[in-house]
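Below is one structure; the comments refer to it alone.
Residues take their numbers from the sequence shown, with the count starting at 1.
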Amino acid sequence: MRGRDQIPQPQLLFVFLSVLLTLATTSYGVNVTYDNRALLIDGKRRVLVSGSIHYPRSTPEMWADLIQKSKDGGLDVIETYVFWNAHEPVQNQYNFEGRYDLVKFIKLVGEAGLYAHLRIGPYVCAEWNYGGFPLWLHSIPGIKFRTDNEPFKAEMQRFTAKIVDMMKQEKLYASQGGPIILSQVSFFICFQVYGVMTN
């Protein structure tokens, strides 16, 4: 009979390998690059199938099921916008709770074994109220939206930096072992007027 503190060798090896594998996948992450032809993940070209789930349009209780159904349907990547007006309804007062819990949503994407594409905005093309801009932006002197405008760029940079820092603190980028393989800022300086592009 074995002593209480003695673990059989095959089980000890299994526990050791499980811990080592977990550390390897979470501590070192993956290397994501682009070679002018394709996205490379750990040096291998990948064709990734992506679909959108906009987390505030459903409840947190629905997220895991929506993500799993997306995976079952063949998706590799879940893409989502970050909705500035939902997260900062009042200047410098943030909301990341309930249906706006971006960190929880991204973690669920990772737990399902999928990648994430984070579209930080600031403008969102998702039939979302006011394009995702918070209404308080109007009160900033001299601001002009979606242009090469210093007040607009300063506010946009502040919010974008907050989101990126939050994702980094939670270690959600692929290089940190998280699911986010792409982050995108949509600035859109040019405008379309009746089908004609102008600067």
Side-chain angles (χ1 to χ4, degrees), residues 21-88 94-126 128 131-134 155-188:
L21 181 60
T22 301
L23 288 173
T25 57
T26 59
S27 298
Y28 299 107
V30 297
N31 183 28
V32 181
T33 56
Y34 180 72
D35 71 353
N36 293 324
R37 286 188 57 211
L39 197 64
L40 286 87
I41 298 179
D42 287 336
K44 296 178 183 172
R45 282 198 179 99
R46 292 286 308 268
V47 174
L48 299 168
V49 179
S50 177
S52 296
I53 299 175
H54 299 155
Y55 56 96
R57 295 185 195 266
S58 54
T59 64
E61 295 77 24
M62 298 168 69
W63 292 344
D65 185 54
L66 290 169
I67 293 165
Q68 186 59 49
K69 285 177 179 172
S70 299
K71 182 178 182 177
D72 294 345
L75 296 186
D76 303 298
V77 182
I78 299 295
E79 172 268 321
T80 192
Y81 280 111
V82 177
F83 299 87
W84 189 1
N85 60 355
H87 291 299
E88 193 179 6
Y94 298 98
N95 179 9
F96 291 96
E97 297 177 4
R99 67 177 52 220
Y100 304 118
D101 192 342
L102 176 61
V103 168
K104 179 178 181 176
F105 178 77
I106 297 296
K107 285 181 177 180
L108 287 170
V109 169
E111 288 170 14
L114 297 174
Y115 294 118
H117 173 191
L118 193 64
R119 298 181 71 181
I120 301 173
Y123 181 76
V124 298
C125 296
W128 188 262
F133 291 130
E155 290 300 322
M156 182 188 85
Q157 182 176 358
R158 182 185 54 76
F159 180 72
T160 301
K162 177 166 187 64
I163 298 301
V164 169
D165 289 345
M166 183 184 302
M167 298 301 108
K168 284 182 177 179
Q169 286 174 356
E170 295 290 333
K171 299 190 182 331
L172 294 175
Y173 282 101
S175 61
Q176 300 173 296
I180 301 172
I181 59 169
L182 296 168
S183 282
Q184 176 183 346
V185 176
S186 302
F187 190 49
F188 300 114

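Side-chain contact check for M166 versus H87: every heavy-atom pair is 4.5 Å or farther apart. Annotation: side chain of L40 is in contact with side chain of R45 (closest heavy-atom distance under 4.5 Å). With a 4.5 Å cut-off on side-chain heavy atoms, Y115 and V32 do not count as touching.
For the atom pair CE of M62 and CZ of R99, the computed distance is 8.5 Å after rounding to the nearest 0.5 Å. Here K168 contributes atom NZ and S183 contributes atom OG; the two are 9.5 Å apart, rounded to the nearest 0.5 Å. A distance of 7.0 Å separates CG of L39 from OG1 of T33, quoted to the nearest 0.5 Å. Here I181 contributes atom CD1 and N31 contributes atom CG; the two are 12.0 Å apart, rounded to the nearest 0.5 Å. Atoms CE and CD1, from M156 and I120 in turn, are 10.0 Å apart once rounded to the nearest 0.5 Å. Atoms CD1 and NE2, from I78 and H117 in turn, are 12.5 Å apart once rounded to the nearest 0.5 Å.
Among residues two or more places apart in sequence or in another chain, the side chain to side chain donor-acceptor pair (under 3.5 Å) test is passed with R46 by none.
Side-chain atoms of H54 do not come within 3.5 Å of backbone N or O of T80 as any donor-acceptor pair. Under a 3.5 Å cut-off, the side chain of D42 and the backbone N or O of K44 do not form any donor-acceptor pair. Between the side chain of K71 and the main chain of A112, a donor-acceptor pair closer than 3.5 Å is present.
Applying the 6.0 Å contact sphere to CD of Q157 captures no more than 12 heavy atoms from other residues, nucleotides or ligands.
Annotation: Y81 is not in aromatic contact with W128 [ring centroid separation under 6.0 Å not met].
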Take F83 and V124 through the side chain to side chain contact (heavy atoms under 4.5 Å, CB included) test and state the conclusion after the steps. CA-CA 7 Å; F83 299 87; V124 298; 4.1 Å; yes
Worked verdict on D101 versus Y55 for side chain to side chain contact (heavy atoms under 4.5 Å, CB included): CA-CA 8 Å; D101 192 342; Y55 56 96; over 6 Å; no
Side chain to side chain donor-acceptor pair (under 3.5 Å) assessment of D72 paired with Q68: CA-CA 6 Å; D72 294 345; Q68 186 59 49; 2.8 Å; yes
Please test F96 against I163 for side chain to side chain contact (heavy atoms under 4.5 Å, CB included), starting from the C-alpha separation and ending with a verdict. CA-CA 11 Å; F96 291 96; I163 298 301; 3.8 Å; yes
Begin with the C-alpha distance, continue with both residues' side-chain angles, and end with the deciding distance and a verdict on side chain to side chain contact (heavy atoms under 4.5 Å, CB included) for E111 and I67. CA-CA 10 Å; E111 288 170 14; I67 293 165; over 6 Å; no
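Annotation for V77 and A116: closest pair CG1-C, 4.0 Å, computed over non-hydrogen atoms. Shown here for M167 and Q176, the closest heavy-atom pair between the two residues is O-OE1, 3.9 Å. Nearest heavy-atom pair across P60 and G98 is CG-O, 3.3 Å. Nearest heavy atom pair, residue S70 against residue I53, reads OG-CD1, 3.6 Å.
Using cut-offs of 30° and 60° for the angle between ring planes, the W84 and F159 rings count as parallel.
When L118, L114, I180 are each tested for a side chain to side chain contact (heavy atoms under 4.5 Å, CB included) with V109, only one passes: L114.
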